[in-house]
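Step one of this worksheet: look at the structure below.
Please read all numbers here as calculations on a predicted model, not as lab measurements. Lettering follows sequence order; numbering is per chain, from 1.
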Amino acid sequence: MIYCGRFLTPRREDARTQKTDGETSRSGCLRGSIPTARNVMREYTELERIRLEKLERLRANGIEPYPARVKRTHTAAEAIAQYSSVPALSGEAAHGSGPEIAATVCGRLRAVRTMGKATFAHIEDGTGRIQIYMRADEIGTDMLKTFGRDFDLGDFIQASGVLFRTKTGEITLRVRELTMLAKAVTPLPAAKEEIVDGQRVIHYAFSDTEQRYRQRYVDLAVNPEVRDEFRTRARIISAFRRFLDDRDFLEVETPILQPLYGGAAARPFTTHHRQLHQDLYLRISFELYLKRLLVGGYERVYEIGRDFRNEGVSFKHNPEFTMLEFYWAYADYNDVMNLTEQMVTYVADNVLGRRTITYDGHRIDLTPPWPRMTVREAIREHSGIDYADHPTGESLAAAMRAIGHNPETTIWGKLLDSLLGTNVEPKLIQPTFLMDYPRDISPLAKAKPGDPNTVERFEGFIGGMEVCNAFSELNDPLDQEQRFLEMGRAYDANDEEAHPMDEDYLRAMRYGMPPNGGFGLGIDRFTMLLTDKATIREVVLYPHLRKAEGEA
RNA sequence: GGGCCGCUAGCUCAAUGGUAGAGCAGGGGCCUUUUAAGCCCUUGGUUAGAGGUUCGAGUCCUCUGUGGCUCACCA
């Protein structure tokens, strides 16, 4: 199999020539270079060559395999719906009678059952499948022969005719005219399916994980349930948007290319602007840009978009992921917690129509209120360590070693994160808010009144995953500057996770920032929960993969 | 980076160290209400690659490649 890319010539003679010249396809694809139409040749498989012959035969018979015009009158669903109002007749003479409803449907040919001088087939469009029926005495012997010989599973076709009900009761299009819309050169993986007791049973499914992600279009084409999952994802995003819009939050867009990254503890991707001779970072969060807008006078802003973090990949980490953040003036983290409960149940109600979900075998109830406990209590409960007894990194590391951890750092905040991640997070299956985080790991959150070492921050956990993170935002410019300095000292000078000093952000805050509550939620992880997917790759259309064989 | 598992026909999968197979897809036939249509015939393989052990390797060993899971890393 050659992965070099696009073809230059569809002629089978040429394809054969290429094959004997074994070097052509490989050497045309220079290692380290991006393939272009110039340096790439294509090698066809035997199945593809057979289809290319059919394509040429169609052309030779005056049938354009890629016509420019389409004339659809009904989707599959519309055709079926319209004919459903025609009462089903019973008795031997029933099938074939009834009113004539003309329809032209388009779609991909998914199943063919040839019976000599008649053929049944199913075509599938974006709304579903519809059966078509062709008789030699109606569309002509030649056309039926052409269909049988030169049309293949996977081709897009257009069928015009009248609707009727077969003797088994299936609404079917009796075809008078058949048009090729787009010949498929490469066969789709052969998957068959049947309905048994209302359940779809799939035979010979296309199931190789890597191929499914790498060629998502094939995955989508042959696995309709995958199409459904991404529709669900879209509905989740639109429900979040609707919820916030309805509450007067303004949707905004902030820079993805940033001269300075911030708002989270993560390594960034670096890029470069050629003309300006300027290094730029892909954003790791929207936070600092969104809060600047509160200085500008907007009271409620939100953004849904992509963050990029140059970290490891795992079942819950993709290098780029979709984040929702909002900032709400004159609110604090208690208000945000309440709004979070409302928002999550709103999305569940609107997308699923229920508030209980099943995730990884667990039955999870999203109905508010969710239990709220402090981070200190949670860590004490799940690890036996009270971090108040261990004010230094050395002391905390020692306590963690005593319970089986093997910490590689003595940075107190990192240790605490690790403790949370391994001992607490996996246990939080039912929705839970952990609140009141140590100031050390929360440089952008406001301290709790009367407790300068603790900040008003919470994270929401569902299904053992951190789903959201929020706080009463720090709006004291002098305190903020101090926090940046502390972070700079706490981390190694070369540690890219340390928050860089963002002078412009401090300047903005010095102009006056209203007190506000901020919030961030990982859309991908939330979608995993609502669709019961064990890995983020199932809810990202094109997840990051290692480079494929043969690619540079 | 470590550990575990995998890589056999286009797809899904078989094959005690002893002739590389099946279903579907593909090709050729038959069949005018089928629906995983059916029936007959049939093409298709450097078993990821290289080396080794053996009379004999898909199978055992080594190395390489590649992917998945997992640990580490990572809000």
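Comparing the P positions of rA20(B) and rC11(B) gives an interatomic distance of 23 Å, to the nearest angstrom. One C1' atom belongs to rC55(B), the other to rC39(B), and the distance between them is 45 Å to the nearest Å. With both ends at atom P, the span from rA15(B) to rG28(B) equals 33 Å, rounded to whole Å. A gap of 14 Å separates the P atoms of rA25(B) and rC40(B), to the nearest Å. Comparing the P positions of rG2(B) and rG45(B) gives a spacing of 37 Å, expressed to the nearest Å.
In this structure, Arg49(A) does not reach the rG26(B) phosphate: none of its side-chain N or O atoms is under 4.0 Å from OP1 or OP2. The side chain of Lys316(A) contributes no N or O atom lying less than 4.0 Å from OP1 or OP2 of rC74(B). OP1 or OP2 of rC30(B) has not a single side-chain nitrogen or oxygen of Lys117(A) nearer than 4.0 Å. Between Arg113(A) and rA37(B), a side-chain N or O to OP1/OP2 separation shorter than 4.0 Å is present. Close to rG67(B), at under 4.0 Å from its OP1 or OP2, lies no side-chain N or O of Gln211(A).
Judged by distance alone with a 3.5 Å cut-off, a donor-acceptor contact links the side chain of Arg174(A) to the base of rU33(B).
As rounded to whole Å, 12 Å separates atom C1' of rG68(B) from atom CZ of Arg214(A). Between the CG atom of Asp152(A) and the C1' atom of rG27(B) there is a distance of 11 Å, given to the nearest Å. Rounded to a whole Å, the CD1 atom of Ile130(A) is 16 Å from the C1' atom of rU33(B). Spacing between atom NZ of Lys167(A) and atom P of rA37(B) amounts to 17 Å, rounded to whole angstrom units. Rounded to whole Å, atom P of rC24(B) lies 13 Å from atom CG of Leu153(A). Between Arg309(A) atom CZ and rC74(B) atom C1' there is a gap of 10 Å when expressed in whole angstrom units. When the C1' atom of rU34(B) is taken as reference, atom CG of Leu173(A) falls 15 Å away, rounded to whole Å. When rounded to the nearest whole Å, the span between CZ of Phe315(A) and P of rC74(B) equals 15 Å.
When atom types are taken as modelled, the side chain of Arg108(A) and the backbone of Gly154(A) share a donor-acceptor pair closer than 3.5 angstrom.
Side-chain contact between Arg306(A) and Phe321(A) is absent, with no heavy-atom pair separated by less than 4.5 Å. When side chains are defined from C-beta on, Ile157(A) counts as touching Ile132(A), because their heavy atoms get closer than 4.5 Å. Val218(A) has its side chain out of reach of Gln211(A): every pair of non-hydrogen atoms, C-beta onward, lies at least 4.5 Å apart. Between Thr340(A) and Phe458(A) the shortest side-chain heavy-atom distance falls below 4.5 Å. Two residues are said to be in side-chain contact when any heavy atoms from C-beta on lie closer than 4.5 Å; Tyr327(A) and Glu287(A) meet this criterion.
Using the six-membered ring where Trp is involved, Trp412(A) and Tyr387(A) have ring planes that are perpendicular, over 60° apart on the 30 and 60° scheme.
Nearest nucleotide to the His317(A) side chain, out of rC74(B), rG27(B), rC11(B): rC74(B). Closest contact between the side chain of Thr166(A) and the listed nucleotides rC69(B), rU34(B), rC74(B) involves rU34(B). For Glu46(A), the listed nucleotide lying nearest its side chain is rU43(B); candidates were rC69(B), rU70(B), rU43(B). Of the candidate nucleotides rU33(B), rG27(B), rC74(B), rG27(B) has the atom nearest to the side chain of Ile50(A). Set against rU33(B), rG10(B), rC74(B), the side chain of Leu47(A) has rG10(B) as its closest nucleotide. Residue Lys54(A) places its side chain closer to rG27(B) than to any other of rU43(B), rG27(B), rU34(B).
Partner of Glu538(A) under the salt bridge (charged side-chain N to carboxylate O under 4.0 Å, His left out) criterion, chosen from Lys316(A), Arg212(A), Arg525(A), Lys533(A): Arg212(A). Just one of Arg380(A), His382(A), Glu381(A) meets the side-chain contact (heavy atoms from CB on, under 4.5 Å) condition when paired with Val424(A); it is His382(A). Between Ile80(A) and the choices Leu163(A), Thr75(A), Ile171(A), Thr127(A), the side-chain contact (heavy atoms from CB on, under 4.5 Å) rule is met once, by Ile171(A).
For the pair Asn469(A) and Thr535(A), nearest-nucleotide mapping onto RNA chain B gives the more 5' position to Thr535(A). In terms of position along RNA chain B, the nucleotide closest to His122(A) lies nearer the 5' end than the nucleotide closest to the other residue of the pair His122(A) and Arg525(A).
As judged by a 4.0 angstrom heavy-atom cut-off over every strand, Thr119(A) is placed among residues making no nucleic acid contact. Residue contacts shown for Glu425(A) are absent, as no nucleic acid heavy atom lies under 4.0 Å away.
Across all strands shown, the partner of rG38(B) is rC30(B), judged by Watson-Crick or G-U wobble contacts whose two distances both fall under 3.5 Å. Nucleotide rG21(B) forms a pair with rC13(B), judged by Watson-Crick or G-U wobble geometry with both contacts under 3.5 Å. Base pairing analysis places rA57(B) opposite nothing; no Watson-Crick or G-U wobble pair with both distances below 3.5 Å involves it. The partner of rG67(B) is rC5(B), by the rule that a Watson-Crick or G-U pair needs both atom distances under 3.5 Å.
Residues from residues 131-144 of chain A lying near RNA chain B, meaning a heavy-atom separation below 4.0 Å, are Gln131(A), Tyr133(A), Arg135(A), Asp137(A) in numerical order.
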